Amino acid sequence: MEAPLAKQAIVGEALRLGFDVCRIADPTSPKYAGYLKDWLANGRHGNMEWMEKNVEARQFPQMLMPECRSAIFLGKNYFQPHPDRRGRMAKYALGGDYHDWMKHKLASMEDFIVKETGARCRKFSDTSAVLEKPLGEQAGVGWQAKNTMLIHEKFGNWLLLGGLLTSLDLEHDEPGTDRCGSCSRCITACPTQAITAPYQLDARRCIAYLTIEHQGPIPEEFREAIGDRVFGCDECLDVCPWNRWAVQSREAHFAARSLPDLRDMLAWTDAEFRTAFRGTPVFRLKHARWLRNLCTVLGNIGTCEDLPAIRQAATSPDPMVREHAEWAVSRVQARCAGENQE
């Protein structure tokens, strides 16, 4: 038989472990039960075929854990100012891999609950079948905004999300209230018009998808719009007025790592790539796609001094890397020719 545990004790333990937010959701009332099916049916998930699995379970957490009575929803502020260097990366990828931090902290949270109550738990983060953002809204952490991201009134868009499904019957917090109002800055700011309408995202156009999830060559129609974004994109987050109160994360694990210049990384071997990015979100990209992204960015912002490095990349045995490097060479050469004519 499960022992009782006060909600206040759960919140206190979450804060002690380093989480910034802890709320309790009713897992039986999914707000977006039909959205996922429509999104998938229209192919807006691109080549993320894993999203097509466990569709029902993604919408209804109790299909993953029938005895689930509550969802303990946790958030961690990861905001970091971007380092002064060429090539922007999504802020969550500037430091160590958040999956490692989240996995460790969720395990500690589970140990605490099991020890205190004997309750059953099931951890979730973005590698699970749980849709965190709708559940976060249900927990009152914030609301799923027009850019489809979860916004917290204090931490803005900059929360890493995870939690525990549990058999504990806890008092549920009130769901979040949409506070986007008439603002459409995220829609206007998107470089590739991936936010096709309020609350509608076409991943196939999203720079985060194109530079991270997409497996092959980046379609030429989007390359210029990628600009200097070498891994992911925070454009729709950066312009959100709810981020005006953002503060740098206190967690050293998320602190930005130092990196060489783009053209220096273009000469890296696979072993050098693995050494530099092991333990970071970039590691899962693998070497060839990292070179693809570097070439795309240098094609947009590269200088005449970058041409030797890009030309060398154009001799790569990987056809995708060669194609992107050749595209970059032609772009940089055109800019250099224009500068010489001035």
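From a predicted model like this one, the values you see are computed outputs, not experimental measurements.
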From the options Glu110, Met65, Arg69, select the one residue that forms a side-chain contact (heavy atoms from CB on, under 4.5 Å) with Arg120. Met65
Considering all heavy atoms of both residues, which atom of Ala313 and which atom of Cys295 are nearest to each other, and what is their separation? CB-SG, 4.2 Å
Worked check of side chain to side chain contact (heavy atoms under 4.5 Å, CB included) between Val282 and Met89: CA-CA 10 Å; Val282 180; Met89 297 172 65; 3.3 Å; yes
Are there more than 12 heavy atoms of other residues, nucleotides or ligands under 6.0 Å from atom NE2 of His104? no
Please verify the inter-ring angle class for Trp158 with Phe79; under 30° counts as parallel, over 60° as perpendicular, anything in between as tilted. tilted
For Leu307 versus Val329, what's the shortest heavy-atom pair and its separation? CD2-O, 4.1 Å
Salt-bridge test for Arg86 and Asp228: reply yes if a basic N is under 4.0 Å from a carboxylate O, no otherwise. no
pair Asp318-Leu291: side-chain heavy atoms closer than 4.5 Å: no
Nearest 0.5 angstrom please: Arg204 CZ to Glu213 CD, how far? 15.0 Å
Heavy atoms only: give me the nearest Val114-Ala119 pair and the separation to one decimal. CG2-O, 3.5 Å
Is Asp238 salt-bridged to Lys91, going by a charged N under 4.0 Å from an acidic O? yes
Mind listing the closest non-hydrogen atom pair of Ile195 and Cys236 along with its distance? CD1-CB, 4.1 Å
Say whether Asn293 and His324, considering side chains only, have a donor N or O and an acceptor N or O under 3.5 Å apart. no
Between Tyr209 and Asn47, is any side-chain donor less than 3.5 angstrom from a side-chain acceptor? yes
Assert yes or no for the condition that the ring centre distance of Trp101 to Phe19 is strictly below 6.0 Å. yes
d(Ile151 CD1, Gln144 CD) to nearest 0.5 Å is 10.0 Å
CG (Leu161) and CG (Leu131) are apart, to the nearest 0.5 Å, by 11.5 Å
Partner of Asn300 under side-chain hydrogen bond (donor to acceptor under 3.5 Å, both in side chains), chosen from Arg335, Glu224, Arg331: Arg331
Salt bridge check: are Glu323 and Arg223 linked by an N-O gap of less than 4.0 Å? yes
So do the side chains of Ile113 and Glu13 get within less than 4.5 Å of each other, counting heavy atoms only? no
Sub-4.5 Å side-chain heavy-atom contact between Arg185 and Pro241: yes
Which heavy-atom pair separates Pro81 from Leu94 by the least distance, and what is that distance? O-CD1, 4.0 Å
Indicate the ring-plane relationship of Phe283 and Phe273, choosing parallel, tilted or perpendicular according to the 30° and 60° boundaries. parallel
Quiz question: by atom type and distance under 3.5 Å, do the side chains of Ser249 and Glu251 form a donor-acceptor pair? no
Interatomic distance, Lys7 atom NZ to His172 atom NE2 [nearest 0.5 angstrom]: 9.0 Å
Output for pair (Leu74 CG, Ile24 CD1), nearest 0.5 Å, gives 8.0 Å
